[in-house]
Amino acid sequence: MRAAGVSGGSDNGVVYIVVELMSAGDADPSAPCVRAVPCQVDPVSGQVHADAPVVLSAADCVAWVTDREIDRPRWVWADTSVVYDFLLARGVWVAKCHDLRLSRAILSRAAWVDSSVFRAPSSQAEQGAQELAWWDGPTPVAARQDVLFDESHSEVTPDCVAELERQMRVLRTAGNGWRQRLSFLMALESAGALIAREMYAVGVPWDRDHHEALLREQLGERPAVGVRPAALEAVAQELRRLLDAPELNPDSPKDLLRALNSAGIPVTTTSKWALREHRHPALAPLERYKHLARLWTAHGWAWLDEWVSDGRYRPVYTPGGVVTGRWGADGGGALQLPRAIRGAARAGDGFTFVIADASQLEPRVLAAMSGDAAMAEAGRGGDMYQRIADAGVVPSREHAKYGMLGAMYGGTTGVSAQVLPQFRQAFPTAMAMVESAARVGERGGQVTTWLGRTSPPGVVSHPDESDDADVARERRLRSRSYGRFTRNFIVQGSAAEWAMAWMVEIRLRLHQLSLGDPTLSAPSLVFFLHDEVLIHTPVEWAETVAEVVRVSARQAGETLFPGSVVEFPVKVLVNDSYTDPKVVSQGVGESHGDLADHAP
DNA sequence: TAGTACAGCGCC
DNA sequence: AGGGCGCTGTACTA
């Protein structure tokens, strides 16, 4: 299957259907609910030719498209989280969309386009300016489903067709190569938004009893509100005794720091890594206290009450929520679920999880985008860090790992700085790319990811003779810091693009699978963590799904980096609970996604 | 009382 | 070590 949803490089001939919700209706799929405007986009000018609007029910949405023999039109709407939630609740699955807000954010920051039309209304200045501001603002309360169609809140009626046309025109101010990449990026970002809402709708099967047993084991019984759990209070008491500080509140860093200093521990911060430099009988219990306190406050009973219902944990993702293009999370801590509680994610009866993560994704993306042949070669057929060590570039796997992290993050000390010269020599092309990105950032310039997402403008600050030494030093530090950011931006952001392409491929293939068996028991993507996905699937499809995950990784690499020899192996694990493929399947996981998978 | 800054730690 | 986040409690400001 060619992944139509991903190959958004060209929009020639694509039919766009602009969709707006027009009536709350009810859950009845036959009730009229959306106004749909079929459009064609002129490939040269970007002009949008709109047909007459049609009013559709949810049931119509699918049938109508089929009747018109349109294969997978691109649905266009202001906000995926508003319109798609509405459609999903009525059983409408959408193959691909164009999220106007997410796409506008990409285009309006992109270095390679002239986006002035987003800021300069051509006519009807007052009204026009308001509408332009609407597009850049947050989703208005009135558009959210909980208060949908509450007219009192909406002062501006956004014109989705007009916004689509603005975006298509802006896109065409980019050179041909960047136009295709940005177009692709918008397609990926929009598809990601679909996936994020589908994940929310499905949820991760979550075993409350298991989670509570885990809490009881470590913290004791659930305490009254505002009271420390017994086990935590016991550790606090022990700390007060060991530090000879009867009034100590270990939750107060200030209080704690004072107590530590009084006890003769010369630290200036109470952070875990600083304390590990010292020896004192209180430090082990303190680390234990911090661990338990975190578990209790962030992922304890209150978390369960708020985020798990009907046996499902529903992660709230915000695609494009991070400057680099990574997804963010909004409540529930979807991107910070501690390993310690992941075991509470348990597959339902007759189901299991396919857990997959991409091995050493960022270095591989760096190798591919820079075209560094040596780095690509180091990633062939196995553990990249081990192979770098084996090749004699550095003495050990650890050196290779920290060297790579230093290259991508801008490490200046320790092992990462120490092996920099060897890395420069062994991987000149890749190192030149990240170091060039760093220099651009240091000068206050902007860099872009592989698909053209652009870093925020840096702060340009020129030296001045009147500066004293401190000011000059501060400016140098800021400049270096921004350089580390832009250095990492190109890698982290491009890796996020790979991850989205991977997930979109997986989604379309899983959908193909379920077409053959249109029952409720289809495999679903339920969780995502930067370079890792969790799929809930009927047991009998687990191996098929595992293969889908591997094939999709290969396809994502080929789609993003055509002709590149860089491999993107994934570790795949089939398990009834959410455990870590990195830990559980050393060796085993690789044999799933092994060399045979990458053979021509 | 409400909002915000910061420290600290969870994840990648 | 170095990049990106979200969430929590404490401590502080308005």
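Reckoned from all heavy atoms, side chains included, excluding hydrogens, waters and symmetry mates. A note on names: the letters A, B, ... follow the listed sequences, proteins ahead of strands, and every chain is numbered from 1.
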message = Rounded to whole Å, please give me the gap between OH in A:Y482 and C1' in C:dG2.
response =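 It works out to 17 Å between those atoms.
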Separation of atom CD in A:E435 from atom C1' in C:dG2, rounded to whole Å =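 Spelled out: CD on A:E435 to C1' on C:dG2 is 14 Å.
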Nearest listed nucleotide, side chain of [X], among [options]:
X	options	result
A:D531	B:dG10, B:dC12, C:dG3	B:dC12
A:S481	B:dC12, C:dG3, B:dG8	C:dG3
A:K272	B:dG10, C:dG4, B:dC12	B:dG10
A:T297	C:dG9, C:dC12, B:dG8	C:dG9

message = Classify A:L361 by what it touches in the nucleic acid, base, sugar-phosphate, or nothing, heavy-atom distance under 4.0 Å.
response =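 Touches nothing.
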task = Report which part of the nucleic acid A:R480 touches: base, sugar-phosphate, or nothing (heavy-atom distance under 4.0 Å, all strands).
result =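 Counting heavy atoms under 4.0 Å across all strands, no contact is made by A:R480.
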Any side-chain N or O of [X] under 4.0 Å from OP1/OP2 of [N]?
X	N	answer
A:N249	C:dT10	yes
A:T269	B:dG8	yes
A:S252	C:dG9	no
A:R294	B:dC9	no
A:K290	B:dA7	no

task = Check step by step if side chain to side chain donor-acceptor pair (under 3.5 Å) holds for A:Y84 and A:E198.
result = CA-CA 9 Å; A:Y84 195 39; A:E198 289 166 1; 2.6 Å; yes
Of A:R258, A:H280, A:E238, the residue whose pairing with A:L243 passes side chain to side chain contact (heavy atoms under 4.5 Å, CB included) =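 Looking at A:R258, A:H280, A:E238, the match for A:L243 under the side chain to side chain contact (heavy atoms under 4.5 Å, CB included) is A:H280.
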task = For A:Y409 and C:dG3, say yes or no: do the ring centres fall under 5.5 Å of each other while the ring planes differ by less than 30°?
result =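 It does: the ring sits over the base of C:dG3.
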